[in-house]
Amino acid sequence: MKFIAIIPARYASSRFPGKPLAKLGGVEMIVRVCRRAAESGIECAVATDDERIFQCVEQAGFRAVMTSESCGSGTERVEEAYRNLGCDADVVINIQGDEPFIRPEQIRKLMEIFEQYPDTRLATLIKSYPASGGIAGLEDPNLVKVTVADNGDALYFSRSVIPYVRGVEKGYWLDTVDFHTHIGIYAYRAETLKEIVALPVSSLERAESLEQLRWLQHGYSVKTALTEFDTIGIDTPADLEAAEKYLKEHFC
């Protein structure tokens, strides 16, 4: 089975314009993501709509491909890049361009899902929520929660706390139920990627602003695998400052 990692990276961002080229430890963020992806041992490429990002990636020795500015999501940009590359990979892994601390083990974990379960069409990662995070942290709408069937398929993703623990005071929920949060790295069968970008926006997706709900609502199964590692996404300049501190504490 052949895999490729495609990293969507656009220049325009309302909260952090030019984010992929922002430097972290003196290295552009998008280059750091490429390095981490390459450590997994599979082919990787950056999908971008900006010539500056394209040049940065190519000069760093990685592959880049230009995509349209009109792509409505990272998934759409990944699908267009797959077509533009003329790629023959069976499975496409979507790694966010603002995840410079993504681990090769997490990428390989996704690959293992398709190797262990040949019928898998879509896959993603989840993580157990630690009791030390507290219920207030779990209630953060930016932290996406997920419930999972016994066979590993995702049942639902939500910005709300799921499941709701009836009859138990909220302060004891973390002692009663194992909660899981979503790690936003995806893998798709190539033919499935083509199908899902053609799907209309669903009512659940619109309500929660979560693209993966479109797939579930249209009847697709999303297989999950458990990872012990968090990822650290960077959405704002303040996040970049925190990432600089994390880099110094854990990698220097």
Side-chain angles (χ1 to χ4, degrees), residues 1-12 20-21 28-100 102-125 183-199 211-212 214-215 218 220-225 231:
M1 189 177 297
K2 186 175 180 180
F3 297 85
I4 185 173
I6 299 181
I7 306 163
R10 65 188 186 96
Y11 190 88
L21 299 180
E28 293 85 354
M29 190 187 317
I30 190 62
V31 174
R32 285 193 175 275
V33 179
C34 290
R35 289 176 179 175
R36 302 292 280 182
E39 288 176 21
S40 68
I42 63 173
E43 179 185 0
C44 67
V46 170
T48 186
D49 60 357
D50 189 271
E51 185 67 28
R52 289 163 291 188
I53 297 173
F54 181 95
Q55 293 295 335
C56 173
V57 171
E58 292 272 315
Q59 289 171 8
F62 296 99
R63 191 175 185 184
V65 59
M66 292 297 295
T67 55
S68 170
E69 294 182 1
S70 64
C71 291
S73 68
T75 300
E76 289 184 15
R77 194 173 304 284
V78 166
E79 192 276 334
E80 182 181 336
Y82 178 84
R83 285 188 283 111
N84 290 349
L85 287 166
C87 188
D88 63 350
D90 303 293
V91 176
V92 183
I93 299 177
N94 178 350
I95 301 173
Q96 304 299 318
D98 57 4
E99 298 273 4
I102 189 77
R103 291 174 179 262
E105 300 98 310
Q106 292 174 306
I107 299 170
R108 288 192 286 267
K109 178 78 73 171
L110 275 178
M111 295 165 63
E112 290 169 3
I113 295 176
F114 289 86
E115 293 165 346
Q116 293 176 6
Y117 305 97
D119 293 336
T120 299
R121 301 178 71 186
L122 295 161
T124 193
L125 297 180
I183 302 295
I185 174 175
Y186 300 103
Y188 333 80
R189 288 273 179 187
E191 61 271 18
T192 302
L193 176 59
K194 182 179 180 180
E195 293 171 5
I196 62 176
V197 296
L199 296 173
E211 182 186 19
Q212 60 270 41
R214 182 191 312 187
W215 314 335
H218 282 283
Y220 287 81
S221 297
V222 180
K223 188 72 73 177
T224 69
T231 57

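Index from 1, following the sequence. Excluded from the calculations below are hydrogen atoms, water molecules and symmetry mates; all remaining heavy atoms, backbone and side chain alike, are included.
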> Can Glu79 and Tyr188 be counted as having a side-chain donor-acceptor contact under 3.5 angstrom?
Replying inline: no
>> Treating Arg121 as the side-chain partner and Leu193 as the backbone partner, does any N or O pair qualify as donor plus acceptor under 3.5 Å?
In response: no
> Which atoms form the tightest heavy-atom contact between Ile6 and Leu85, and what is the distance?
Replying inline: CD1-CD1, 4.3 Å
> At what distance, to the nearest 0.5 angstrom, does CZ of Arg77 lie from CD of Glu80?
Replying inline: 7.5 Å
> Atom CG in Asn84, atom CE in Met66: separation rounded to 0.5 Å?
Replying inline: 10.0 Å
> Between Ile7 and Gly97, which heavy-atom pair has the shortest distance, and what is it?
Replying inline: CG2-CA, 3.6 Å
>> Just so I know, are the side chains of Leu21 and Cys56 near enough to count as touching, which here means a heavy-atom distance under 4.5 Å?
In response: yes
>> Are the side chains of Arg214 and Tyr220 in contact, using a 4.5 Å heavy-atom criterion?
In response: no
>> Is the shortest side-chain heavy-atom distance between Val92 and Val78 below 4.5 Å?
In response: yes
> Take atom OH in Tyr117; do more than 12 heavy atoms of anything else shown fall under 6.0 Å from it?
Replying inline: no
>> Using side-chain heavy atoms (C-beta onward) and a distance below 4.5 Å, is Ile30 in contact with Thr48?
In response: no
> Distance only, no hydrogens: is a donor on one side chain within 3.5 Å (strictly under) of an acceptor on the other, for Thr75 and Glu211?
Replying inline: yes
> Say you draw a straight line from NZ of Lys223 to CG of Leu125; how long is it, rounded to the nearest 0.5 Å?
Replying inline: 14.0 Å
>> Quick check: closest heavy atoms across Ile53 and Tyr11, and the distance to 0.1 Å?
In response: CD1-N, 3.8 Å
> Backbone N or O of Gly184 within a donor-acceptor pair of the Thr124 side chain at under 3.5 Å?
Replying inline: no
> Looking at side-chain heavy atoms only, is the closest gap between Val31 and Gln59 below 4.5 Å?
Replying inline: no
> Quick one: side chain to side chain contact (heavy atoms under 4.5 Å, CB included) partners of Ala89, sequence neighbours excluded?
Replying inline: Lys2, Ile4, Tyr82, Cys87
> Which pair of heavy atoms, one from Gly72 and one from Glu76, lies closest together, and at what distance?
Replying inline: N-OE1, 2.7 Å
> In Å, rounded to the nearest 0.5 Å, how long is the span from CG of Asn94 to CD1 of Ile185?
Replying inline: 8.0 Å
>> Measuring from atom OG of Ser221 to atom CG of Leu122, what distance do you get when rounded to the nearest 0.5 angstrom?
In response: 8.5 Å
> What pair of heavy atoms forms the shortest contact from Arg36 to Ile107, and how long is it?
Replying inline: O-CD1, 4.2 Å
> Hey, what do you get for CD1 (Ile93) to CD (Gln106), rounding to the nearest 0.5 Å?
Replying inline: 11.5 Å
> Heavy-atom count around Glu69 CD within 6.0 Å, excluding the residue itself: above 12?
Replying inline: no
> Val46 and Ala9: which non-hydrogen atoms are nearest, and at how many Å?
Replying inline: CG1-CB, 4.1 Å
> If we ignore angles and hydrogens, is there a donor and acceptor under 3.5 Å between the side chains of Glu99 and Thr231?
Replying inline: yes
>> My understanding is that only residues two or more places apart in sequence, or in another chain, count here; which of them pass side chain to side chain contact (heavy atoms under 4.5 Å, CB included) with Ala12?
In response: Arg10
> Has the side chain of Arg189 got a donor or acceptor atom that lies under 3.5 Å from a matching backbone atom of Thr120?
Replying inline: yes
>> Do Val91 and Met1 have side chains that approach each other closer than 4.5 Å (heavy atoms only, starting at C-beta)?
In response: yes
